[in-house]
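What you see is a predicted model; the values in this text were computed from it and never measured. Residue numbering restarts at 1 for every chain, and letters A, B, ... go by the order of the sequence lines.
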Protein chains: 2
Amino acid sequence: MARNNTRFIEAHNKLLTICDKTEIGGTLQSENVLAADLGVSRTVIRSVLARFDDIGLIALDGREKAIQRRTRAGDRLEKPATLLTIEELEGRFLDWVLRMDVPPGTALNVAQLAKEFGVAPHTLQEFLSSLSRFGIVVRRPRGGWVLHGFTKEYALELSDFRTVLELNSVQHLVALAPDHPIWARLDVLEQAHLALLERIDRDYHDFSVLDETFHEAINSVVTNRFVKEFQKVISLVFHYHFQWNKADERTRNADAIQEHLAYIDALRSRDVGRAQAAALRHLATSKQTLLNALQANSHTL
Amino acid sequence: MARNNTRFIEAHNKLLTICDKTEIGGTLQSENVLAADLGVSRTVIRSVLARFDDIGLIALDGREKAIQRRTRAGDRLEKPATLLTIEELEGRFLDWVLRMDVPPGTALNVAQLAKEFGVAPHTLQEFLSSLSRFGIVVRRPRGGWVLHGFTKEYALELSDFRTVLELNSVQHLVALAPDHPIWARLDVLEQAHLALLERIDRDYHDFSVLDETFHEAINSVVTNRFVKEFQKVISLVFHYHFQWNKADERTRNADAIQEHLAYIDALRSRDVGRAQAAALRHLATSKQTLLNALQANSHTL
DNA sequence: CATATGTTTATTATTATAAAAAGCAATTAT
DNA sequence: ATAATTGCTTTTTATAATAATAAACATATG
């Protein structure tokens with residue numbers, strides 16, 4: 001076996017349904033039409049038709065595809081367990097890594113991990129290769145991968161990089177016209193922050209999501225594919241680390257909300273200097289929080 | 001055949017040389033020692049020894065490995081044509097893409113390209129996956145890759161991103177102590193620029209390399225893996241585009257040298273504002289040059 | 001008992017191959 | 001006649017199988 005035949009099986013079962021909608025003795029449409037209807041290639045349709053002929057469901061004769069009998073439950077084929085795609089893998093893998101179930105420097109076992117995540121080894125390999133662009137994993141000289149993971153240096157560099165990107169966003173943001181949607185969005189966010197502040201004692205946990213939304217909003221004003229790509233990694237890392245450091249979570253989040261509110265205010269002033277200063281203040285706190293989380297989470301030098 | 005047996009052949013030939021250094025009747029060292037000396041696993045050594053025994057070069061008897069005869073020319077094994085590694089592939093691929101032999105939107109044929117570049121299809125696949133992080137290629141829904149290539153938008157976003165990173169570097173640079181190596185390096189670069197300016201009529205072509213070195217130097221003061229990763233892509237893109245736009249190359253490069261010199265001067269002033277202004281001026285020119293190169297190179301909307 | 005070899009197991013890179021898609025040529029029905 | 005349909009061939013991709021290597025463990029020997 002080489003490729004999994006999910007497409008064949010799906011087309012097969014869909015065509016069974018179509019057969020049932022046609023009376024006995026009636027004929028099916030042309031291969032081309034069926035292929036277009038089911039969204040697969042003619043090759044697949046032909047394989048399905050060949051099987052239908054085999055099991056006596058239809059009689060193939062030239063371009064005649066006459067239905068011979070009703071379908072039975074046994075005609076249906078079982079779908080094989082569908083593997084994750086490379087996109088779905090991203091979330092699962094980062095989740096695993098960022099929780100630091102494994103210390104930095106560990107060799108990754110592609111075959112075993114692939115089984116664990118329910119993907120083809122080859123898919124994981126490919127994914128690791130793309131992750132290596134962010135330095136989360138590195139390729140070993142003679143095959144294999146090593147998890148570099150989230151060391152203190154990594155966190156520092158990531159925070160710094162984040163700061164560079166966000167200060168740039170701020171610079172763009174304050175120059176935007178008053179009717180730009182970002183201002184309305186900031187108003188909404190401000191309300192959300194104030195609302196959370198009122199019920200902070202109970203719902204301090206909700207801040208993590210709000211924080212992500214807030215920074216995403218600020219950076220959304222820059223339409224740059226490189227910025228966006230990094231934003232994904234950055235927000236993931238910060239998001240997860242948020243969830244670990246349980247110490248002082250309530251006060252920490254309350255403080256952060258205040259910083260966000262001051263940040264929004266500064267943005268509204270349209271004064272680049274003031275806005276960037278407010279941004280820097282909050283980003284510095286955020287960086288410290290990330291470092292503390294790392295410290296708390298064992299394996300960091 | 002699965003893996004290529006380069007390691008086996010290398011160890012084989014190296015061990016032949018070792019045999020020649022030992023007199024007939026002498027014995028080779030233990031498998032462990034040989035493995036450590038040649039930097040391969042014991043498994044490889046054992047395969048080699050087994051072959052040596054086969055061809056009557058040595059007599060294996062327990063832990064005795066007695067040399068029976070001198071080696072002959074025919075004993076040596078021919079090394080198979082070594083395939084490119086994924087790192088070597090990067091240069092070759094970007095070279096191919098950036099010359100825009102193919103218009104944006106083209107579907108990439110993995111099997112064919114792999115043959116062309118002399119790599120395993122699987123290696124190319126992995127490489128494309130990592131490139132997709134930079135948006136140069138994108139994965140198609142049901143397998144396959146599409147070259148997004150260097151559209152005008154891509155060039156604009158790349159230039160903007162480059163500017164963000166470099167302004168950040170400048171900010172760091174001007175704050176560095178006078179004994180930091182960067183200052184001496186800038187002195188050297190300044191001389192190189194002046195020297196090139198004198199012979200610009202003849203050697204205007206050399207500017208491309210100098211430009212790359214110059215920007216690399218400036219960005220080297222920031223030790224950040226994300227910055228560095230991007231720098232690689234950025235410098236490649238700019239480097240290649242440099243080589244196309246032949247119109248006014250001499251004057252364009254002469255002008256750029258002047259901008260670089262002013263840039264160096266501004267950096268020396270230690271005045272962030274002045275330095276960033278000079279940087280911006282040059283980066284804007286650079287961006288325009290890139291856009292012109294794209295325009296000149298046919299398939300851009 | 002330390003070191004060497006024999007044997008087994010695990011892991012990775014590459015190849016071979018089945019599944020799917022796409023293209024072309026021949027055929028049939030209107 | 002000609003448009004549509006089928007039969008057959010060629011390409012291309014995803015995965016499974018496999019050889020090469022590495023590593024681990026067990027046994028033997030000086």
Looking at D:dA16, I'd like to know if its phosphate oxygens (OP1 or OP2) sit under 4.0 Å from a side-chain N or O belonging to A:Asn4.
no

Closest heavy-atom pair and its distance - B:Arg46, B:Glu31:
NH1-OE2, 2.9 Å

What is the distance from CH2 of A:Trp145 to P of C:dT12, rounded to the nearest Å?
11 Å

Take B:Pro121 and A:Ala111, find for each the nucleotide of DNA chain C with the closest heavy atom, and name the residue whose nucleotide sits nearer the 5' end.
A:Ala111

By nearest-nucleotide position on DNA chain D, the 5'-leaning member of B:Arg63 and A:Thr123 is A:Thr123

Whole-Å distance between D:dA22 P and B:Leu34 CG?
14 Å

Could you tell me how far apart A:Ile45 (CD1) and D:dT5 (P) are, to the nearest whole angstrom?
14 Å

Using a distance-only criterion (donor-acceptor N/O pair, under 3.5 Å, no hydrogens), is the base of D:dA23 paired with the side chain of B:Ser41?
no

Given D:dT21, C:dT3, C:dA19, the nucleotide with the shortest approach to the side chain of A:Asn5:
C:dA19

Any A:Leu77 side-chain heavy atom under 4.5 Å of A:Leu16 side chain:
no

With a cut-off of less than 4.0 Å, is there a side-chain N or O of B:Gln125 near OP1 or OP2 of D:dT13?
no

Between atom CG in B:Leu28 and atom C1' in C:dT3, what is the gap in whole Å?
17 Å

Hey, is the side chain of B:Thr43 pairing donor to acceptor with the base of D:dA22 inside 3.5 Å?
yes

Nearest to the side chain of B:Gln112, heavy atoms from C-beta on, is which of D:dA4, C:dA4, D:dT12?
D:dT12

Would you indicate which nucleotide in D:dT13, D:dA22, D:dT6 comes nearest to any side-chain atom of A:Glu31?
D:dT6

Check side chain to side chain contact (heavy atoms under 4.5 Å, CB included) between B:Ala11 and all other residues, then give those that pass, not counting sequence neighbours.
B:Leu38, B:Val40, B:Val44, B:Val48

Taking the minimum atom-to-atom distance to the side chain of B:Val40, which one of D:dA22, D:dT6, C:dA13 wins?
D:dA22

Find which nucleotide of DNA chain D each of B:Arg140 and B:Ser47 is nearest to by heavy atoms, and output the residue with the more 5' nucleotide.
B:Arg140

Selection from C:dA21, D:dT13, C:dT14 that lies nearest to any side-chain heavy atom of B:His122:
C:dT14

Atom CG of A:Asp37 and atom P of D:dT5 are separated, to the nearest Å, by 12 Å

A:Asn32 side-chain proximity, nearest of D:dG7, D:dT5, D:dT13:
D:dT5

Kindly point out which of D:dT21, C:dT7, C:dA4 is positioned nearest to the side chain of B:Phe8?
D:dT21

Protein-nucleotide distance (B:Arg46, atom CZ; C:dG6, atom C1'), rounded to Å
6 Å

In whole angstrom, what separates A:Gln29's CD from D:dA4's P?
14 Å

Would you call the rings of A:His122 and B:His122 parallel, tilted or perpendicular, where under 30° means parallel and over 60° means perpendicular?
tilted

Can you check whether B:Lys65 has a side-chain N or O nearer than 4.0 Å to OP1 or OP2 of C:dT5?
yes

With a 3.5 Å cut-off and heavy atoms only, can you find an N or O donor on one side and an acceptor on the other between the side chain of A:Arg42 and the base of D:dG7?
yes

What's the CG-P distance between B:Leu108 and D:dT11, to the nearest Å?
19 Å

Assign the ring pair A:Phe161 / A:Phe230 to parallel, tilted or perpendicular, where the plane angle (0 to 90°) is split at 30° and 60°.
tilted

Could A:Arg133 and A:Glu229 be called an ion pair, given the rule that one side-chain N must be under 4.0 Å from one carboxylate O?
no

